[in-house]
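Presented below is the structure to which this report refers.
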Number of protein chains: 2
Amino acid sequence: MRLSNLADYAVVLMSAAARHCGAARLAEGRLNATKLAQETGVPLPTAKKLVSRLTAAGLFESTRGIGGGIRLARPPASISLADIVEAVEGPLAITSCTIDGNHDCLLESGCTVKPHWGVVNRTIRQALDDVSLASLSDIPSTHMSHRSSRTQTRDGDHARSVSTSLDTNGIMAG
Amino acid sequence: MRLSNLADYAVVLMSAAARHCGAARLAEGRLNATKLAQETGVPLPTAKKLVSRLTAAGLFESTRGIGGGIRLARPPASISLADIVEAVEGPLAITSCTIDGNHDCLLESGCTVKPHWGVVNRTIRQALDDVSLASLSDIPSTHMSHRSSRTQTRDGDHARSVSTSLDTNGIMAG
DNA sequence: ATAAATAAGACTAAATCAGTCTTGTTTAGA
DNA sequence: TCTAAACAAGACTGATTTAGTCTTATTTAT
């Protein structure tokens, strides 16, 4: 029930990208994976990989060659968390049985659980859809889900582990 | 962003248990992991493991010995999907930074993303909380998220792969 | 007191995920 | 026109997590 690290990184990366170029002022920055990695602290190779995926998914537009780079394909307001997560992790489904065409079910037609997954799934998707990239780039705070201050490669150790006293702004008080 | 197989199995298992004993008529059935495995098609060793975890989490009550078995610790109406998922997967948090006390964040205090995870997280938890075990045991249909009709062990091959034409009751039309 | 039945926990194997490296493509400059 | 530098894209390897199997410990009826 957790987001993969890759998806989390992707959100951070795109959030940074949104702050930078924002489809409007595209010629401004000549943004690329390296720059994003520097700013966010995401390891460069991982950033490159994610940029690839996000480009393939149509969230970034890339230009090759010596003057190349990337830019957001759409304005930040029209990109949601759901878009990003789905681009990195694939179809957004809680259980494999909620994926279309998956009929390898062992239970013989007496399953009482399946109908409910659809509801849960829609709710979760909605929650992710309601947060746009634009809103992500506004309020500054402290976060990133790197598990540890891992060894940076020679590509740059622009990020350092910070321990702030800001924590748990409200989780699972259920 | 998918539930682990184990968590999915756990839901199916408890749903079956709810149909059976239901804390009220507890003496009725002498339910145990083996019986649940038979009825649901979940592999026996896996069922045993899950029963252990669910018992440790306080959702099942177990009795050892020759006449032993398990039963729901609380009435089905007061057990939610969130309870089950949390029992199997641990704290319900979308990103590791939403877990209390996790401060291994690489980004140096300018993170604009974190504040939003709390909202998303609460929404998701609510969605899982809104579905009770009681409601799961009512409407029959077809489902289970086993990926394949895998080779059953000698313990029993009570389950067989069924392919119905029932699909996608509403996912990610978003 | 013994043996059978059961839950609990340790262990092994598989799958997935994260991260690194190499290759291919493009364009500026000589 | 050729060469070299910059960049994205994709293949590969290692590590972590997850799923599944097996063994051990505990309890009670006989």
Side-chain angles (χ1 to χ4, degrees), chain A residues 1-10 12-13 17 29-37 41-57 59-71 73 85 88-90 96 106 145-148 150-156, chain B residues 1-10 13 17 29-37 41-71 73 85 88-90 96 106 145-148 150-156:
Chain A
M1 208 51 223
R2 268 239 300 272
L3 223 53
S4 71
N5 275 9
L6 244 37
D8 187 6
Y9 290 174
V12 174
L13 246 37
R30 264 241 313 261
L31 200 57
N32 60 23
T34 307
K35 205 163 191 175
L36 284 178
V42 172
L44 179 55
T46 303
K48 283 182 179 177
K49 186 181 194 173
L50 282 172
V51 166
S52 288
R53 285 206 205 175
L54 293 167
T55 304
L59 297 181
F60 276 136
E61 282 176 2
S62 69
T63 320
R64 285 189 175 187
I66 201 164
I70 53 172
R71 70 165 193 252
V85 171
V88 174
E89 296 193 345
S96 57
L106 290 187
S145 62
H146 290 225
R147 285 198 187 76
S148 59
R150 75 180 65 254
T151 55
Q152 286 288 107
T153 57
R154 65 198 170 295
D155 302 315
Chain B
M1 208 49 225
R2 269 239 300 273
L3 222 55
S4 70
N5 275 8
L6 244 37
D8 188 6
Y9 290 173
L13 244 38
R30 263 240 316 260
L31 201 56
N32 60 23
T34 307
K35 205 162 191 176
L36 284 178
V42 173
L44 179 56
T46 305
K48 283 182 179 176
K49 185 181 195 175
L50 283 173
V51 166
S52 287
R53 287 205 204 174
L54 293 167
T55 304
L59 297 181
F60 276 136
E61 281 177 1
S62 69
T63 321
R64 286 191 175 185
I66 201 166
I70 52 172
R71 70 163 192 251
V85 171
V88 175
E89 297 193 345
S96 56
L106 290 185
S145 61
H146 291 223
R147 282 197 190 78
S148 59
R150 75 181 66 253
T151 56
Q152 287 289 106
T153 56
R154 65 201 167 293
D155 302 318

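Everything quoted here is computed from the prediction, not taken from an experiment. In what follows, chains carry the letters A, B, and so on, assigned in the order in which the sequence lines appear, proteins first and then strands, with residues in each chain numbered from 1.
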Task: For the student: nearest non-hydrogen atoms of B/Val42 and B/Leu13, plus distance - done: CG2-CD1, 3.8 Å
- [ ] Start with the C-alpha distance between B/Ile70 and B/Leu36, add both sets of side-chain angles, then the distance that settles side chain to side chain contact (heavy atoms under 4.5 Å, CB included), and finish with yes or no.
- [x] CA-CA 10 Å; B/Ile70 52 172; B/Leu36 284 178; 3.8 Å; yes
Open item on the list: Test of understanding: with side chain to side chain donor-acceptor pair (under 3.5 Å), list the residues that count as partners of A/Thr55, not counting sequence neighbours.
Closed with: none
Task: side-chain N/O A/Tyr9 vs C/dA18 OP1/OP2, d < 4.0 Å - done: no
- [ ] Write down the distance between CG (B/Leu3) and C1' (D/dT17), rounded to a whole number of angstrom.
- [x] 15 Å
Show the distances under 3.5 angstrom between N or O atoms of the protein and N or O atoms of nucleotides 23-25 of chain C.
unit_1 : atom_1 : unit_2  : atom_2 : d
C/dT25 : O4'    : A/Arg64 : NH1    : 2.6

TODO: Give the rounded distance in Å between these two atoms: CG of B/Leu44 and C1' of D/dT21.
DONE: 11 Å
Task: 5' priority, DNA chain C, between A/Lys48 and A/Leu6 [closest heavy atom] - done: A/Leu6
TODO: Nearest 0.5 Å please: distance from the CG atom of B/Leu44 over to the OG1 atom of B/Thr34.
DONE: 5.0 Å
- [ ] Quick one: label A/Thr34 by what it contacts on the DNA or RNA (base, sugar-phosphate, nothing), any heavy atom closer than 4.0 Å.
- [x] nothing
Task: Euclidean distance, atom NZ of residue A/Lys35 to atom C1' of D/dA6 [Å, nearest integer] - done: 15 Å
Open item on the list: Main chain of B/Ser4, side chain of B/Glu89: is a donor-acceptor contact present, judged purely on distance under 3.5 Å?
Closed with: yes
- [ ] Any chance you could measure A/Leu50, atom CG, to A/Phe60, atom CZ, to the nearest 0.5 Å?
- [x] 9.5 Å
Task: Interatomic distance where NZ belongs to A/Lys49 and C1' belongs to C/dT22 [whole Å] - done: 14 Å
Open item on the list: Heavy atoms only, 4.0 Å cut-off, all strands: where does B/Ser4 land among base, sugar-phosphate and nothing?
Closed with: sugar-phosphate
- [ ] Starting at atom CG of A/Asn32, determine the distance to atom C1' of D/dA6, rounded to an integer number of angstrom.
- [x] 10 Å
Open item on the list: Can you measure B/Leu36 atom CG to C/dA7 atom P for me and round it to whole angstrom units?
Closed with: 10 Å
TODO: May I ask you to evaluate whether A/Ser62 reaches the phosphate of D/dA9, defined as a side-chain N or O under 4.0 Å from OP1 or OP2?
DONE: yes
Task: Nucleotide nearest B/Asn5 when distance is taken to its side chain, options D/dA19, D/dG20, C/dA7 - done: D/dA19
TODO: Kindly compute the distance separating NZ (A/Lys48) from CG (A/Asn32), expressed to the nearest 0.5 Å.
DONE: 9.0 Å
TODO: Report the distance from atom CZ of A/Arg2 to atom C1' of C/dC17, rounded to the nearest whole Å.
DONE: 13 Å
Open item on the list: Expressed as a whole number of angstroms, how long is the span from A/Leu13:CG to C/dG19:P?
Closed with: 12 Å
